[in-house]
Amino acid sequence: MGAKRQRLIDQGPSFYGTPPSSSFMYNPPPAYGYVSQPPPFPVVRLRGLPFDCTEVDVAEFFHGLDIVDVLFVHKNNKFTGEAFCVLGYPLQVDFALQRNRQNMGRRYVEVFRSKRQEYYKAIANEVSDVRGGSPHRSIPRAKSHDEGKDSAVHTGILRLRGLPFSAGKDDIMDFFKDFVLSEDSIHITMNSDGRPTGEAFVEFANAEDSKAAMAKDRMTLGSRYIELFPSSHEEMDEALSRGR
């Protein structure tokens with residue numbers, strides 16, 4: 001999730017007493033207004049996910065719910081088939097639990113209630129692994145794309161993959177803070193329902209800058225690896241048109 005996920009962690013319980021950012025879509029129901037305790041943290045744990053599962057697959061599995069974050073769990077550099085999914089508000093947890101033992105592809109997925117502490121512990125484990133240099137990723141990389149990265153022709157445009165759903169243009173600008181970018185040069189792709197796909201396109205000032213920015217390939221935005229690919233205006237326009 002990057003900076004936004006870290007702010008959510010740092011704020012802890014007080015997060016619920018502050019106006020939500022546009023990315024978090026957290027709107028506690030009025031019923032919680034008179035309760036002294038904060039509402040339960042809206043997170044569920046998934047087990048039995050396909051090993052090629054992506055954030056988009058999880059979003060489709062919970063179609064109709066507001067997905068704030070998806071955190072895939074790894075052990076010894078391998079995806080365990082488990083993930084945590086943070087939802088828009090507590091009442092959506094009950095709807096998410098109705099998907100328990102429903103199929104994702106050919107596998108059925110178990111959905112459990114979880115807690116804030118379990119989610120934060122999972123983030124800490126992922127961050128610890130990243131700092132230790134473990135090469136895990138939430139979305140499996142495509143070798144065919146990787147093999148062509150070095151020889152690809154740069155046009156000044158890069159495609160980003162593996163972004164948290166809550167990542168905004170400010171997060172991407174911070175990720176590329178060594179380069180001069182404007183919000184207009186960043187394009188976050190959406191699916192047909194208007195939800196983020198986990199991908200974005202960034203237009204750099206020139207091909208030299210986009211080639212230099214490839215040094216950020218597989219670097220972390222928060223606890224997530226971000227993959228970079230040389231792209232083109234044609235690929236960007238096609239991807240953006242799919243979400244219109």
Which heavy atom in Leu97 sits nearest to a heavy atom in Phe112, and how many Å separate them?
-> CD2-C, 3.8 Å
Residue set satisfying ring pair (Phe, Tyr, Trp, His ring centres under 6.0 Å) with Phe204, at least two apart, ordered chain then number -> Phe176, Phe179
If you look at every heavy atom in His154 and Ser210, which pair is closest and at what distance?
-> ND1-OG, 3.2 Å
Side-chain donor or acceptor of Ser185 paired with backbone N/O of Leu181 under 3.5 Å | no
Show your reasoning for whether side-chain contact (heavy atoms from CB on, under 4.5 Å) applies to Arg113 and Val93.
-> CA-CA 7 Å; Arg113 291 185 186 275; Val93 169; 3.5 Å; yes
Beyond-backbone contact of Met104 with Leu49, side-chain heavy atoms, under 4.5 angstrom | yes
Residues Arg161 and Asp217 bridged, charged N to O under 4.0 Å = no
Shortest non-hydrogen separation from Gly88 to Gln92 and the atoms involved = N-OE1, 3.3 Å
Taking only residues two or more places apart in sequence or in another chain, which ones pass side chain to side chain donor-acceptor pair (under 3.5 Å) with Gln102?
-> none
Give the cluster check for Ile186 versus Val180: same hydrophobic cluster or not, with ILVMFWY residues linked at side-chain heavy-atom distances below 4.5 Å.
-> no
Are any of the side-chain heavy atoms of Val56 and Asn191 separated by less than 4.5 Å?
-> no
Roughly how far, to the nearest 0.5 Å, is CG of Asp66 from OH of Tyr89?
-> 6.5 Å
Could you tell me the separation between the CZ atom of Phe201 and the CZ atom of Phe229, rounded to the nearest 0.5 Å?
-> 10.5 Å
Quick one: are Cys85 and Ile67 in side-chain contact, heavy atoms under 4.5 Å?
-> yes
Check: Asn206 main-chain N/O paired with Asp209 side-chain donor or acceptor under 3.5 Å | no
Phe175 six-ring centre to Lys216 NZ/CZ under 6.0 Å and within 45° of normal = yes
Partners passing side chain to side chain donor-acceptor pair (under 3.5 Å) against Asp57 (at least two apart in sequence or in another chain) = Thr54
Looking at residues at least two apart in the chain, or sitting in another chain, which of them share a side-chain contact (heavy atoms from CB on, under 4.5 Å) with Lys121?
-> Asn125
Pairwise distance CD(Glu199) to CZ(Arg159) - rounded to 0.5 angstrom | 4.5 Å
Is there a donor in the side chain of His187 and an acceptor in the side chain of Glu203, or the other way round, less than 3.5 Å apart?
-> yes
Across all chains, not counting sequence neighbours, the salt bridge (charged side-chain N to carboxylate O under 4.0 Å, His left out) partners of Arg99 are none
Excluding sequence neighbours, so at least two apart, what forms side-chain contact (heavy atoms from CB on, under 4.5 Å) with Asn100?
-> Glu110, Val111
Non-hydrogen side-chain atoms of Thr189 and Arg242 separated by less than 4.5 Å | no
Which atom pair, heavy atoms only, marks the closest approach of Ala122 to Leu71?
-> CB-CD2, 3.6 Å
Is a side-chain N or O of Arg107 found less than 3.5 angstrom from the main chain of Gly48, in a donor-acceptor match?
-> yes
Walk me through it: do Leu87 and Val43 pass the test side-chain contact (heavy atoms from CB on, under 4.5 Å)?
-> CA-CA 6 Å; Leu87 301 163; Val43 60; over 6 Å; no
In this structure, are over 12 heavy atoms from other groups packed under 6.0 Å from Tyr108 atom OH?
-> no
Is any side-chain heavy atom of Leu65 closer than 4.5 Å to a side-chain heavy atom of Phe95?
-> yes
How about Phe51 and Lys78: do any of their side-chain heavy atoms sit closer than 4.5 Å?
-> no
So how far is it from Leu158 CG to Met236 CE, rounded to the nearest 0.5 Å?
-> 11.5 Å
Ser166 side, atom OG; Asp171 side, atom CG - distance, nearest 0.5 Å | 7.0 Å
Pair Asp52-Phe79, side-chain contact (heavy atoms from CB on, under 4.5 Å): steps then yes or no = CA-CA 9 Å; Asp52 59 352; Phe79 177 43; over 6 Å; no
Begin from the C-alpha positions of Val109 and Phe61 and carry the test side-chain contact (heavy atoms from CB on, under 4.5 Å) through to its verdict.
-> CA-CA 9 Å; Val109 176; Phe61 183 74; 3.9 Å; yes
Is there side-chain contact between Arg195 and Met190, with heavy atoms separated by less than 4.5 Å?
-> no
Minimum-distance pair of heavy atoms, taken over all atoms of Phe72 and Cys53 | CE2-SG, 3.8 Å
Write down the atom of Ser114, the atom of Phe84, and the distance for their closest heavy-atom approach.
-> OG-CE2, 3.2 Å
Considering only NZ, NE, NH1 and NH2 on the basic side and carboxylate oxygens on the acidic side, decide whether Glu118 and Arg45 come within less than 4.0 Å.
-> no
Decide yes or no for Ile172 and Leu160: does some side-chain heavy atom of the first lie under 4.5 Å from some side-chain heavy atom of the second?
-> yes
Counting only N and O atoms by type, is there a donor-acceptor contact under 3.5 Å from the side chain of Thr80 to the main-chain atoms of Val73?
-> yes
